[in-house]
Amino acid sequence: MRNKKVMNLTQGAMIAACYVVLCLVFEPISYGGVQVRIAEALTILPIFTSAAIPGLFVGCIIANIIGGGIVLDIVFGSIATLIGAIGTYMLRNRSRWLAPVAPILANTFIVPFVIYYGYGTPIPIPLLMLTIGAGEIIGCGVLGLLLAKALEKTHAGLFRIQTR
């Protein structure tokens, strides 16, 4: 039992660190009204391990703090990622194609309000939903599904598919 807790904590910490690093490496496209947050590909990981849920949440909080986000963005942007990760976990036993839907929808409907009201951007909310949604489709949908396929093919020992 203790080994499983240590493994979950370690996996969550590694996922959080990877999320932060990806946001910082791709900083020019990770923040703002038009963004493709490459780190969001990691929101596919809850299909492999429940440790990804807190890992993604903490990683997003840290990335938003380091990225200079305002409190509204740090809180609600991270909650969007948390909702997405939980949704991915809940859809893990269904079609793999459905797994990225939750983070795409959560970010598409939460982040534009943060950008509009929090940062005062003049871009209308429907247009922000379009740009954020498109970025999420690329990050979660395309890159996330590619990541899942790669992990499944390589039988990555760190991430074993959970069936419960």
Side-chain angles (χ1 to χ4, degrees), residues 10-70 72-92 95-116 118-119 121 123 127-154 156 158-159 161:
T10 303
Q11 285 180 345
M14 288 189 320
I15 291 166
C18 289
Y19 191 99
V20 172
V21 167
L22 287 170
C23 283
L24 296 178
V25 167
F26 296 102
E27 185 176 4
I29 61 170
S30 292
Y31 303 95
V34 178
Q35 61 177 264
V36 177
R37 193 173 267 204
I38 304 298
E40 285 289 302
L42 300 177
T43 60
I44 202 74
L45 295 179
I47 65 173
F48 299 101
T49 176
S50 60
I53 297 169
L56 291 164
F57 181 57
V58 170
C60 190
I61 290 170
I62 294 168
N64 286 346
I65 290 169
I66 293 172
I70 60 171
L72 191 67
D73 193 7
I74 294 165
V75 172
F76 289 101
S78 301
I79 288 172
T81 296
L82 176 63
I83 291 168
I86 292 168
T88 300
Y89 182 77
M90 292 173 69
L91 293 170
R92 75 191 179 285
S95 167
R96 287 285 188 258
W97 297 101
L98 290 177
V101 169
I104 291 169
L105 291 176
N107 283 284
T108 297
F109 289 107
I110 294 172
V111 173
F113 288 95
V114 172
I115 292 171
Y116 185 80
Y119 293 102
T121 184
I123 303 170
L127 186 54
L128 285 170
M129 287 179 166
L130 183 67
T131 61
I132 298 298
E136 288 295 312
I137 289 169
I138 293 167
C140 301
V142 176
L143 298 177
L145 288 172
L146 287 172
L147 175 61
K149 193 69 167 167
L151 289 173
E152 288 169 353
K153 280 191 175 192
T154 60
L158 207 55
F159 299 115
I161 296 176

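Defined by atom type and a distance below 3.5 Å, a donor-acceptor pair is present between the side-chain atoms of E40 and T81.
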Walk me through whether S95 and L98 qualify under side-chain contact (heavy atoms from CB on, under 4.5 Å). CA-CA 5 Å; S95 167; L98 290 177; 4.3 Å; yes

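With hydrogens and angles disregarded, a donor-acceptor distance shorter than 3.5 Å links the side chain of Y119 to the backbone of I70.
The heavy-atom pair separating L72 from G118 by the smallest distance is CD2-CA, 3.6 Å. The heavy-atom pair separating A41 from L147 by the smallest distance is O-CD2, 3.8 Å. Closest of all the heavy-atom pairs between G133 and I104 is O-CG2, 4.5 Å.
Relative to the ring axis of F26, R37 does not place its NZ or CZ within 45° and under 6.0 Å from the centre.
For the pair P100 and I44, the minimum side-chain heavy-atom distance is below 4.5 Å. Annotation: side chain of L151 is in contact with side chain of F48 (closest heavy-atom distance under 4.5 Å). Residues I47 and Y89 have side chains not in contact (no heavy-atom distance under 4.5 Å, counting atoms from C-beta outward). Looking only at side-chain heavy atoms (C-beta outward), T108 and M129 come within less than 4.5 Å of each other.
Tested against L82 for a side chain to side chain contact (heavy atoms under 4.5 Å, CB included), the candidates T43, L56, I53 yield a single pass: I53.
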